[in-house]
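A note on names: the letters A, B, ... follow the listed sequences, proteins ahead of strands, and every chain is numbered from 1.
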Number of protein chains: 2
Amino acid sequence: MDRNAKPQKRALTPRGAATKRRIVEAAASLIYARGVERVSLDDVMEASGASKSQLYHYFDNKDGLVREVIELQASRILQTNALHFERLDSFAALHAWREAMVAANRAWGGVGGCPLGSLANDLAAQSEQARRQLDQSFAAWGMVIEAGLSRMKEMGQLRSCVDARGMAVAVLAAIQGGILLSKTTRNSEPLELALDMALSHIERHAV
Amino acid sequence: MDRNAKPQKRALTPRGAATKRRIVEAAASLIYARGVERVSLDDVMEASGASKSQLYHYFDNKDGLVREVIELQASRILQTNALHFERLDSFAALHAWREAMVAANRAWGGVGGCPLGSLANDLAAQSEQARRQLDQSFAAWGMVIEAGLSRMKEMGQLRSCVDARGMAVAVLAAIQGGILLSKTTRNSEPLELALDMALSHIERHAV
DNA sequence: TTCAAAGTGGACTGTCCAGTCCATTTCTTA
DNA sequence: TAAGAAATGGACTGGACAGTCCACTTTGAA
């Protein structure tokens, strides 16, 4: 019952919280562009304007920083997707979401891939801790999609026998695979084809 | 027209070719398990029983080795998939292929992901050379699938208006996304759901 | 106003790593 | 069988990196 067994979070002042956020955001950008292994703490120091001791003041080590980067990217994706799925009420809304995904992919130049997907590929086999965290992030993302599909069921737009969860997982897979291929081919077409397959899979279960 | 502008391949004796193959295979295993950045040349030396000078005798540098690893993994995947698609003649055969993919994924323990997909995620944004190589590998894979679908069109099992190429790309995306999620969740279910979506997408276009 | 905690600066360490270099052994062929 | 080419061994270098350490500055609450 020793409260120090795991040192509890220290109290962060507003300045400290801002610095910490600056570091995580800088690290997230760099890692998104290059991958975990190609980003050194010196890179993060330069990009965030923080010193070495600040990094170790706010994070246990590089893994600890990466943990927070995963959290940040997951929260960003959930936020964006929740906008589309929380009020999902029609197939037209689904297509609007499709367009938004493709537009976003085009805007990145299709270069970076999915922030979560890249991290999952990088870390799932390297760190059980990271794998679990990413698994939960994907699960949360899937639940956002599932909630939208369930809503369509309730509204009588999808057949009641539809497995919303399974469908959400398949849609998520289409997103991930589509983005990966688009990143490799530098063209949004694969993502579009994958999303169209996913949408037609959903529409096939329309009432 | 200087023939030395790019030093042509040196003549390899059987022993040399065997050593080179041993090195590439060892590197492929390590990179598959850990990713390019987490494999050092010393690791490859140890795993292949080769010395440093051998590595630099057979490859320009680490990038050159990675290039050959990509080639090896692509050829392995093409070979496996060609078995299923070259003679693709029915929806039953398509389902058999699905089972084979899932079984393979289970056999790896769902740990490693797709050798090409992992490399693409790792390298597409880091090296234009590697990106092109991986793009071509995916294209070749897609063409194997497309050829099978075209065959089914010719046999009158798929409607003639079907876009075999687009469908092949979508199927490939489902594979990649499914494998990535399965690797993250350590469970083959996501891959199964993604493949089922892809198959039902194809079957929806049956005559 | 004071002082402890929070925050910051940056030099330093030990290790790891890609790539170089040169000496030696094994093969091939003339 | 001699000589040149191919193959191999392994020490060495320069730089990059995660993580440590200690001194200094700022903040905020009593």
Visitor: Output the rounded distance in Å from CG (L55(A)) to C1' (dT20(D)).
Guide: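 One finds 13 Å between C1' of dT20(D) and CG of L55(A), rounded.
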Visitor: Could you work out which one of dT8(D), dA18(D), dC21(D) sits closest to the side chain of K62(A)?
Guide: dA18(D)
Visitor: Rounded off to whole Å, could you give me the CZ-to-P distance for the R38(B) and dA18(D) pair?
Guide: 12 Å
Visitor: Within the structure provided, determine whether R98(A) and E192(A) are in side-chain contact (heavy-atom separation under 4.5 Å).
Guide: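 Yes - at least one pair of side-chain heavy atoms lies under 4.5 Å apart.
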Visitor: Looking at the side chain of Q54(A), which of dG9(C), dA6(C), dA7(D) is the nearest nucleotide?
Guide: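 The closest nucleotide is dG9(C).
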Visitor: Would you say F91(B) and L94(B) make side-chain contact, with heavy atoms under 4.5 Å?
Guide: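 They are in side-chain contact.
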Visitor: Nearest of dG7(C), dG10(C), dT8(D) to any side-chain atom of Y58(A)?
Guide: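 My answer, after comparing the listed nucleotides, is dG7(C).
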Visitor: Can you work out whether V39(B) or G49(A) has the more 5'-proximal nearest nucleotide on DNA chain C?
Guide: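 Of the two residues, G49(A) wins.
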Visitor: For S40(A), answer base if it contacts any base atom (sugar-phosphate contacts may also be present), sugar-phosphate if it contacts only those atoms, and nothing otherwise; contact means non-hydrogen atoms under 4.0 Å.
Guide: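 S40(A): backbone/sugar contact only, no base atoms under 4.0 Å.
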Visitor: Out of dG10(C), dA18(D), dC21(C), which nucleotide sits closest to the side chain of Y56(A)?
Guide: dA18(D)
Visitor: Could you check A17(B) against N61(A) and say which one's nearest nucleotide on DNA chain D is further toward the 5' end?
Guide: A17(B)
Visitor: Is there a side-chain contact between F85(A) and L78(A) (heavy atoms, below 4.5 Å)?
Guide: no
Visitor: Evaluate the side-chain proximity of F138(B) to T185(A): yes if any heavy-atom separation is below 4.5 Å, no if none is.
Guide: no
Visitor: Counting side-chain heavy atoms from CB outward, which of dT8(C), dA7(D), dT20(D) is closest to T13(B)?
Guide: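 The listed nucleotide nearest to T13(B)'s side chain is dA7(D).
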Visitor: Looking at K52(A) and dG19(D), is any side-chain donor or acceptor paired with a base atom of the opposite kind under 3.5 Å?
Guide: yes
Visitor: Should R15(B) be listed as having a side-chain N or O under 4.0 Å from OP1 or OP2 of dT28(C)?
Guide: no
